[in-house]
Amino acid sequence: MSDQINSLRINSERFKANFDALARIGGTQDGGVHRPALSESHLKAREWFKRQIEDAGLQFQVDTAGNHSGVLKSGPQNAPTLLLGSHLDSVPDGGRFDGALGVVAALEVLQVIQETGISLPFHLEAIDFTDEEGTLVGLLGSSALAGKLSVLDLQEPRGGRDLLLKCLSKANLSENDLPDSRRDPRSLAGYLELHIEQGMTLQKAEAEIGVVTSIAGIGSYRIIFLGRADHAGTTPMEDRLDAALGAGAFTISVRDITQSEFPQCVTNIGAINLFPAAFNIVPSKAVISLEYRAPESGMMKRLEAALLDRANMAAKQFKLGLETEFLNEHQPAPMDIRVREAITIAAQGLNLKTINLSSGAGHDAQSLAEICPAGMIFVPSVGGTSHSPQEYTKWQDCVNGANVLLQATLRLADQKSS
Ligand SMILES: [Zn+2]
């Protein structure tokens, strides 16, 4: 690549002004943002994004899933499009950086490339995906675009069907048209996303840029231990069939096996409900919400089997019945090796220290990875805090990430033309 292209950088003042302006939309007293998908504040943020796109002289477009985009025609007429993006929605009372950073950086990259007037082997599109965070469905816009939106997701959305329908209509979207946003994979050159890490790995490694290797797969089960309700005063301890004991033993053993045999994975027991739930009745039933995440599909299968095995052991130990109900699963999404290389070389060219890491959190990139080469750039989250108003990334790290996004785009262009 030429020196002129190697030395290309984002305009950090404009980038900061845009980031701050966006953070004020739905901004909360404690410095966070409240922009649940398709809420009033989120729709305002989208209007703001549209205005920036038009003011910059980029082409604005919105698809039937409500994904908002700015397009820069930088390639030959029939060239595919490289998508750069993230999401403008937030969790309730979330932080300023999650999602917003990636969208503002994508817009900035398009503007810089537009200003230099260089032509690329692909067009560029800065995209804001609908409902990444799951207020309604989760990864709604990106899975629709990837053609992976399931009927079940819409029939039983996690935010409830009433909310989904109400929000779609408020945003002038219709459920039946959502799948029409599907893109032909041949029309896409790839997908790049800049995002905050939302964990402590980069900070601990004193690294400035994380090159994401894969986005963790996630699975969930309902585990039910069945015992017998008895008088808590008159039943001797040795005669009880206490479902709470199964739940307790299982909880501890899930943690033990994850740490000892699956150090790259995480597991969570997020709820234990005991029935009939009284001071003086031995619990007859314990209902557990179990979630597990793994960076690779073989490992995910082994982890799942190990967890079910532990549930069996806990049931046997306390002479309980056991029911296991599989709820759902998303396979791990490996990031494309050439995109990872482009990110790594881009960061090295900027003298930034990189590490490879997998993402425990879900992202739009996992939808895109199913249909085109996808990659993610992580920048450090101070203290690992996220989904909170305290979420914070040093501004220099945001600038570094945006410059890596710019340079990785140029590297991919170089790969494609050579
Ligand atoms: Zn996010």
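Order of appearance sets the numbers: ligands from 1, and atoms from 1 within every ligand. Numbers here are sequence positions counted from 1. Atom set for the values below is all heavy atoms of this structure, side chains included, hydrogens, waters and symmetry mates excluded. Since the structure is predicted, the reported quantities are computational estimates derived from the model, not experimental observations.
If you take OG on Ser143 and CD on Glu370, they are separated by 8.5 Å, rounding to the nearest 0.5 Å.
Around the Zn ion (ligand 1), the protein atoms of type N, O or S that sit closer than 2.8 Å are His87 NE2, Asp98 OD1, His195 NE2.
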Requested in this report: Could you give me the CA-CA distance, side-chain angles and deciding distance for Glu108 and Val104, then say whether side-chain contact (heavy atoms from CB on, under 4.5 Å) is met?
Outcome: CA-CA 6 Å; Glu108 178 57 34; Val104 175; 5.6 Å; no
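Using a 4.5 Å heavy-atom threshold, the side chains of Pro283 and Phe275 count as separate.
When the side-chain contact (heavy atoms from CB on, under 4.5 Å) test is applied to Arg222, the partners found at least two apart in sequence or on another chain are Ile224, Val287, Glu325, Leu327.
If you look at Phe15 and Trp395, their ring centroids are closer than 6.0 Å.
Listed here is the closest heavy atom pair of Pro295 and Cys265: CD-SG, 4.1 Å.
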